[in-house]
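Both counts, for ligands and for their atoms, begin at 1 and track the order of listing.
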Amino acid sequence: MKKINFTCCIFLMLFLGSCSPKKKEQTSKLPNVIFIYVDDLGYGDLSCYGATAVKTPNVDALATGGIQFTDAHCTASTCTPSRFSLLTGSYAFRNKAAILQGDAPLIIDPDKETIADMFKNAGYSTAVIGKWHLGLGNGKPDWNKEIKPGPLEIGFDYSFLIPATPDRVPTVFVENHTVVNRDANDPIKVNYDKRIGTDPIGGEDEEILKMLADAQHSGTVINGISRIGYMSGGHNAYWKDEEFPNVLTNKATNFIASHTQKPFFLYFALPDIHVPRAPNQRFVGSTNMGPRGDAIVQMDWVTGQIMKKLNELKIADNTIIVFSSDNGPVLDDGYADQALTNIGNHKPSGKFKGGKYSAYEAGTRVPTIVYWPNKIRPAKNDALISQVDFFASFAKLIGAKINHKETAVDSFDMLDALLGKSNKGRQYLIEEAFTMSIRKGNWKYIAPKMQQPPLWLLNKNVDSGLQQQPQLYDLDKDPEEEHNLATQMPEKTKTLAIELAAIMKAPNRNMK
Ligand code: NG6
Ligand code: CA
């Protein structure tokens, strides 16, 4: 049973009234909430976070008009766990959520309340548009029939999905329970173990490929790009990667435009700047960094289109935008797309170490902006914030009550920090990679290796931060995590190891 109580309107009117006395006429309505969730965008990838090799004017406008966080984190340095935490308010390691294949089952229990349920129960229309990667159905779904459970069973009224990642089959959109443009005469089959069908695969004929790929990405070739996994059939349903910005932006702006009467929650999960990076022609060449840089510009354009639509509809003042990323940056993620060779002076991780897959700071410290025009005073904020807290924080905002014994067990109310009324964040924050880390103020402890990373990662030029020894860093003095103080400061190391173990063992509401 999904239990929800809420005392929304009276609370909200009082709350909003206190935020902005001049705008009382708009406060009778709960604010719309949009999460713009970018894929693999690093701390240093936006001009508002210091990038100069790429210009991101639309996201920069959110930053200068909103709260720009300097120490906000997704929960993990890969996608599935971070998304799991964002939607459930609980850490993914409790559910052993790891990167999923495209035919994995839904990993969120439909009986558990999600952030989408929370909004829906408070009267919101809810939608997810874009990259899902949390599994669909009960495993190996039949893509030619109704596919469920999925987002509609966990609180979303509408969904339009890239089912897993753009580099994984099936390369088709799923709208609500159905593959878009499915064709009974050309049934879709998906297989992650062996080649199926007669379509070409990577490594056979370079001529047909838009870019070369590594062995894992050399499955079925679709739209000139070889993918992870094999599929046959569904030719009418194939997406065109270059059209993602148009297709997804249209879906998002249509959803917004048709929900102006009632508050809405839109989880807009962009496939940029994940591989395969195949930006639309109009963004090609807009940076000197090749497709990865151009994909950042494309992502910025998409963000601008959302803003444009909100302004056109005159609902921008009643809409909160949360902009962030699901994990840190990666250059080579399987395709030869010039990301490494054309990087020049650009620093995707900013001044931090690591990136996607890594236990170091840039694995989870990601650009994070909260924008609510005329309601919050623009500022930078250095509070320690985790995306796992969005659930409890937005519950507070809209007056929804959470029973933390079973719902959003790791989520704390950080609303004051998110709205820039305070710069007090968490005392403790967990970072998940192939090991676990804990932040406490300026201190960071990285536990010795807990999992064997996949072979392909070991062969890559990625420092995943895994060591046999504990690591301790003072991020105030050493934000680059170069000087391991664990041997020098055994007591501090031990205390943090014990505190990490305590949070990992069970949710601890006293360790905020
Ligand atoms: C990895 C893929 C990588 C990417 C990642 C998921 C290989 C060698 N690499 O397994 O390309 O798809 O999974 O990225 O297969 S994420 O952002 O969705 O977590
Ligand atoms: Ca990602």
Side-chain angles (χ1 to χ4, degrees), residues 35-43 45 73-87 92 97-104 107 130-136 161-171 192-193 201-203 211-220 225-230 241 244 267-278 291-292 295-296 299 324-337 339-340 348-349 354-358 362-367 387 431-434 451-462 464:
F35 289 178
I36 300 182
Y37 206 51
V38 185
D39 204 346
D40 297 2
L41 185 74
Y43 191 85
D45 274 329
H73 296 248
C74 46
T75 64
S77 61
T78 50
C79 155
T80 301
S82 288
R83 285 161 206 256
F84 180 89
S85 300
L86 179 80
L87 295 187
I99 299 173
L100 297 179
Q101 297 300 26
D103 57 357
I107 55 162
K131 176 180 167 184
W132 183 238
H133 211 189
L134 291 161
L136 287 172
L161 308 177
I162 291 168
T165 57
D167 56 346
R168 281 178 173 75
V169 298
T171 52
Y192 272 86
D193 301 322
I201 60 169
M211 51 192 137
L212 296 178
D214 64 14
Q216 281 86 352
H217 291 82
S218 288
T220 307
I225 300 170
S226 51
R227 316 279 167 161
I228 304 177
Y230 304 94
D241 307 68
F244 281 159
Y267 169 40
F268 191 25
L270 309 189
D272 284 323
I273 55 170
H274 196 281
V275 297
R277 300 168 185 127
R292 185 175 185 277
I296 297 176
M299 172 286 296
S324 199
S325 173
D326 69 334
N327 52 249
V330 61
L331 296 179
D332 169 10
D333 212 7
Y335 292 92
D337 62 4
L340 260 174
S349 301
K356 185 174 182 177
Y357 309 115
S358 171
T364 62
R365 197 188 285 224
V366 284
Q387 291 174 3
E431 302 178 18
E432 185 176 347
F434 292 98
Q451 271 179 51
Q452 188 55 30
L455 252 188
W456 56 258
L457 188 57
L458 297 174
N459 296 333
K460 242 184 223 289
N461 189 16
V462 162
S464 52

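Looking only at side-chain heavy atoms (C-beta outward), Asp39 and His133 stay at 4.5 Å or farther from each other. Put simply, the side chain of Thr80 reaches to within 4.5 Å of the side chain of Leu134, judged on heavy atoms. Side-chain atoms of Pro166 and Arg277, non-hydrogen and from C-beta on, never get closer than 4.5 Å to each other. Side-chain atoms of Leu270 and Phe244, non-hydrogen and from C-beta on, never get closer than 4.5 Å to each other. Under the 4.5 Å side-chain criterion, counting only non-hydrogen atoms from C-beta, Leu41 is not in contact with Val366. Residues Ser82 and Tyr37 form a side-chain contact, since some pair of their non-hydrogen atoms from C-beta on lies under 4.5 Å apart.
Residue Asp167 has at least one heavy-atom neighbour below 4.0 Å for each of these atoms of ligand 1: 3 (C), 4 (C), 11 (O), 12 (O). Of all atoms in ligand 1, numbered sequentially from 1 with element shown, those under 4.0 Å from a heavy atom of Asp39 are 17 (O). Interface atoms of ligand 1 facing Thr165, defined by a heavy-atom separation under 4.0 Å, are 18 (O).
A side-chain donor-acceptor contact under 3.5 Å links Ser226 to the backbone of His217. For Tyr43 (side chain) and Gly328 (main-chain N/O), no donor-acceptor pair under 3.5 Å exists by modelled atom type. At least one donor-acceptor pair closer than 3.5 Å links the side chain of Ser324 to the backbone N or O of Pro367. Put simply, the side chain of Lys356 never gets that close to the backbone of Asp40: no donor and acceptor are under 3.5 Å apart. Between the side chain of Tyr267 and the main chain of Gly130, no donor-acceptor pair closer than 3.5 Å is present.
Ion pairing between Asp333 and Arg292 fails under the 4.0 Å rule for side-chain N and carboxylate O.
Nearest N, O or S atom of Asp40 to the Ca ion (ligand 2): atom OD1. Nearest to the Ca ion (ligand 2), among the N, O or S atoms that Asp326 has, is OD2. Between the Ca ion (ligand 2) and the N, O or S atoms of Asp39, the shortest distance is to OD1.
Using a 4.0 Å cut-off between heavy atoms, Asp333 contacts ligand 1 through both its backbone and its side chain. Counting heavy atoms under 4.0 Å from ligand 1, residue Asn327 touches it through the side chain alone. Contact annotation: for Tyr357 versus ligand 1, heavy atoms closer than 4.0 Å belong to the side chain alone. Within the 4.0 Å heavy-atom criterion, neither part of Lys460 lies near ligand 1.
Within the 3.0 Å limit, Thr78 places no N, O or S atom next to the Ca ion (ligand 2).
Evaluated by nearest non-hydrogen atom to atom 15 (O) of ligand 1, the leading choice among Asn459, Ile99, Ile228 is Ile228.
Between His133 and ligand 1, a contact under 3.5 Å exists for at least one N or O pair. When only interatomic distances are considered, the shortest N/O to N/O separation between Asp40 and ligand 1 falls below 3.5 Å. For a threshold of 3.5 Å applied to N or O pairs, the pair formed by Val275 and ligand 1 contains no separation below that value.
Counting protein heavy atoms only, atom 13 (O) of ligand 1 is closest to Arg168 NH2, 3.0 Å. From the protein, the heavy atom lying nearest to atom 17 (O) of ligand 1 is Lys356 NZ, 2.9 Å. Counting only heavy atoms of the protein, atom 18 (O) of ligand 1 lies nearest to Lys131 NZ, 2.8 Å. Remark: minimum distance from atom 9 (N) of ligand 1 to any protein heavy atom is reached at His217 CE1, 3.6 Å. Taking atom 16 (S) of ligand 1 as the reference point, the nearest protein heavy-atom neighbour is Cys79 CB, 3.2 Å.
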